[in-house]
There are 2 protein chains.
Amino acid sequence: MPTLSEVARHAGVTPATVSNVLRNRGRVGAQTRQRVLDAVDALGYRPHLAARALAEGRAPTLALMVSSIANPFYPEFALAVERAARTSGHFVIICNTNEDPQTGRAYLDQIAGTLSEGVLVTNANLDFADLHTTEARGTPVVLCMWERPNEPPGLPCVAVDFRLAGELAGAHLLALGHRRIGAIVGSKASGIHAARYQGFVDALHAAGAPKSPVKHALDTIQGGYDATRALLEADPKLTAIFATNDLPALGAMHAAADLGLHVPDDLSVIGITDIQLARESRPALTTVAVPTVEVAELAVSLLRELIESSYGQAGRGAANVPMRISSPPELVVRASTGAPRPR
Amino acid sequence: MPTLSEVARHAGVTPATVSNVLRNRGRVGAQTRQRVLDAVDALGYRPHLAARALAEGRAPTLALMVSSIANPFYPEFALAVERAARTSGHFVIICNTNEDPQTGRAYLDQIAGTLSEGVLVTNANLDFADLHTTEARGTPVVLCMWERPNEPPGLPCVAVDFRLAGELAGAHLLALGHRRIGAIVGSKASGIHAARYQGFVDALHAAGAPKSPVKHALDTIQGGYDATRALLEADPKLTAIFATNDLPALGAMHAAADLGLHVPDDLSVIGITDIQLARESRPALTTVAVPTVEVAELAVSLLRELIESSYGQAGRGAANVPMRISSPPELVVRASTGAPRPR
DNA sequence: ATGAAAGCGCTAACAC
DNA sequence: GTGTTAGCGCTTTCAT
């Protein structure tokens with residue numbers, strides 16, 4: 001690979017001039033500029049990004065921490081992040097933690113601040129302490145999907161009102177006439193989906209509806225499948241399933257199919273997020289859509305701001321950690337919910 | 001972030017010694033080593049990967065070119081690639097071309113050889129000329145999923161016998177007694193799926209079965225959905241659908257559902273690849289499994305070899321471009337195929 | 001066993 | 001307008 005100096009030599013100028021031409025910096029004569037440009041493509045020159053990163057003291061990449069790229073939400077989100085990042089000339093390194101905090105730490109230690117100049121965190125099961133450490137080392141961190149706008153996490157974040165999402169889902173089911181609703185929470189008891197479940201409970205409460213049976217499950221299709229079967233075994237009269245995420249909701253539909261129950265006539269199912277599969281399942285899944293693209297854009301732009309302001313470098317007021325709030329989630333009615341049919 | 005020299009100063013040695021300790025290189029006294037190690041974690045030192053890359057002349061990352069991370073096969077594959085790459089200490093940068101050769105070129109130009117020391121290419125709709133260019137610049141390129149082991153592509157690759165996959169699928173359908181089979185090819189006429197289709201045709205031919213109607217479609221659920229409806233409209237007596245990929249096959253099942261056809265009784269459906277969704281769909285999809293993880297591992301190890309041997313740097317014999325062949329695809333019978341039921 | 005010095009490819013003051 | 005110079009943080013001969 002040809003280097004900057006080779007281009008310079010070829011064009012009969014100094015490296016500085018070439019650099020100036022390439023980055024449209026200092027003033028360069030039109031003539032010289034052309035000679036440089038010619039040399040560049042005569043030699044097929046490409047700037048060495050690592051060298052540039054070193055010299056500039058900043059890397060052209062952002063790290064995106066995800067718990068598992070195999071969960072179809074993350075690729076969708078990653079795509080949105082990538083698009084947003086490219087507008088500021090950033091590449092994205094996707095770091096798969098596999099739900100393992102240690103792997104997460106390893107990535108943070110190695111990539112943050114050296115290969116990437118900022119870190120985007122989804123619900124990747126990371127240690128907050130580790131995140132604070134990388135922040136303290138000078139690499140800004142943004143939480144992409146904070147679930148409780150009212151309880152700031154102490155790190156810069158984009159918050160989505162997931163409690164509202166749960167409430168909308170519950171209200172929809174109630175409005176259709178459901179009273180016996182099984183709930184599937186796709187995380188551990190006090191986990192990341194607690195706010196969504198809370199919203200659902202709030203809706204029931206507001207309507208004076210009876211408490212629902214709840215089952216905690218893995219945030220996967222299989223998890224939702226198992227939970228649904230358990231729920232239905234315990235109470236065969238359930239007419240609807242609320243899941244805190246689309247994947248378990250899809251699993252609920254599969255369970256219904258295997259049990260010979262028709263969705264939505266025998267069992268209504270609703271999820272949260274609106275991943276692409278929700279649109280593509282049969283029947284298509286009713287869900288509460290989260291503005292994924294907007295969240296990604298907010299997260300990237302917040303991160304960029306923090307990078308520019310070298311947030312954290314200087315002692316920032318621990319008090320005012322920035323938080324962006326996305327537009328509210330919205331109910332998307334499809335084919336998996338309907339009025340209950342007594343059985 | 002503390003630097004190497006700071007650690008050195010802190011430990012009362014020179015940068016060279018610290019470097020030696022960190023990389024287990026030259027001989028260092030046990031005592032000194034300990035002092036250095038102490039300094040390292042007293043200061044929370046992390047090596048600057050970009051600086052290291054520059055000094056070493058090699059980057060610790062591999063680029064993975066994919067056409068769309070939104071297609072669920074790629075995240076699965078990416079995960080496998082990442083696992084394999086980590087074993088050699090490489091990070092993976094996922095580059096989304098969005099099916100656009102220009103975007104692909106942009107990524108190659110920028111990342112290859114500067115941020116990453118090798119390129120892995122899936123069916124990303126890239127210009128072969130561009131790939132040869134980056135190869136010529138000294139960055140090894142490996143095609144991860146070449147579909148025709150008998151026709152080497154002129155670039156290092158991992159080949160999968162996709163013709164066989166198509167044949168297995170066709171044979172399975174024929175063995176069940178199907179004769180009127182619609183085929184969906186998830187690419188353009190002479191595109192990447194041609195070998196799969198050829199295998200299917202071979203199977204029909206070998207069995208003396210009549211020719212099948214074919215429809216070319218987008219390699220998506222929707223594409224398969226539309227194609228199936230068109231196919232069934234043209235010939236309502238079709239008893240089975242063969243799709244060259246799982247996604248369109250899934251779409252075929254949805255189309256059947258919407259048409260009130262029961263799968264597999266009224267319509268059998270088979271795909272190729274065995275993505276996770278195939279297992280998780282209802283009914284579960286019969287498919288021909290491609291050894292994804294093995295392919296990823298082969299591709300990464302081949303790429304590593306090329307990197308080590310600085311393949312391409314020196315004029316290599318254009319004749320012997322390396323090719324690895326994966327183990328053959330295998331039929332996985334699930335619930336979406338069965339004997340035809342006359343309608 | 002440790003240190004001194006040069007250099008990876010690029011950028012950024014500043015001087016001419 | 002263009003060149004000079006110094007360095008980004010690290011690795012790596014080569015001395016000592």
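A:R324 has no carboxylate O lying under 4.0 Å from a charged side-chain N of A:E297, or vice versa, which leaves the two without a salt bridge. A salt bridge between A:E56 and A:R23 is present, with a side-chain N of the basic residue lying under 4.0 Å from a carboxylate O of the acidic one.
Remark: C1' of C:dC8 and CZ of B:R58 are 15 Å apart, rounded to the nearest angstrom. Residue B:R9 contributes atom CZ, which lies 13 Å from atom C1' of D:dG9 at whole-angstrom precision. Rounded to a whole Å, the CZ atom of B:R35 is 14 Å from the P atom of C:dA1. In this structure, B:N24 places its CG atom 14 Å from P of C:dA1, rounding to the nearest Å. The interatomic distance linking B:L4 (CG) with C:dC8 (P) rounds to 19 Å, in whole Å. Going from atom CZ of A:R52 over to atom P of D:dG9 covers 18 Å, rounded to whole Å. Taking atom CD of residue A:E6 and atom P of nucleotide C:dG9, one finds them 8 Å apart after rounding to whole Å. Counting to the nearest Å, the P atom of D:dT12 and the CG atom of B:L22 are 12 Å from each other.
Residue contacts for B:G29: at a heavy-atom cut-off of 4.0 Å it reaches the sugar-phosphate backbone alone, with no base atom in range. Using a 4.0 Å heavy-atom criterion, one finds that B:S19 contacts the bases of the nucleic acid, with or without backbone contacts as well. Base contact: A:T14 has a heavy atom under 4.0 Å from a base atom.
Side chain of B:T17, nearest nucleotide from D:dG9, C:dA12, C:dT2: C:dT2. Counting only heavy atoms from C-beta on, B:T32 has its side chain closest to C:dA1 among D:dG3, D:dT11, C:dA1. Looking at the side chain of A:Y45, the nearest of the listed nucleotides D:dG9, D:dT11, C:dC10 is C:dC10. Set against D:dT2, D:dC10, C:dA12, the side chain of A:E56 has C:dA12 as its closest nucleotide. Of the candidate nucleotides D:dT4, C:dT11, C:dG7, C:dG7 has the atom lying nearest to any side-chain atom of B:A55.
Comparing B:A16 and B:L54 by the nucleotide of DNA chain D that holds the closest heavy atom to each, the one mapping nearer the 5' end is B:L54. Comparing B:P15 and A:R46 by the nucleotide of DNA chain C whose heavy atom lies nearest to each, the residue mapping closer to the 5' end is B:P15. Place A:N20 and B:G12 on DNA chain C by their nearest nucleotides, and B:G12 ends up nearer the 5' end.
The side chain of A:R23 contributes an N or O atom lying less than 4.0 Å from OP1 or OP2 of C:dT11. An OP1 or OP2 oxygen of D:dT12 is reached within less than 4.0 angstrom by a side-chain nitrogen or oxygen of B:R25.
Between the side chains of B:N20 and B:R33, no donor-acceptor pair of N or O atoms lies under 3.5 Å. Judged purely by distance below 3.5 Å, without hydrogens or angles, the side chains of B:H90 and B:E117 pair a donor atom with an acceptor atom. With 3.5 Å as the limit, one finds no donor-acceptor pair spanning the side chains of B:R86 and A:N96.
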Practice prompt. Give the intermediate values and the outcome of side chain to side chain contact (heavy atoms under 4.5 Å, CB included) for residues B:L22 and B:V40.
Written response: CA-CA 9 Å; B:L22 262 32; B:V40 163; 4.1 Å; yes
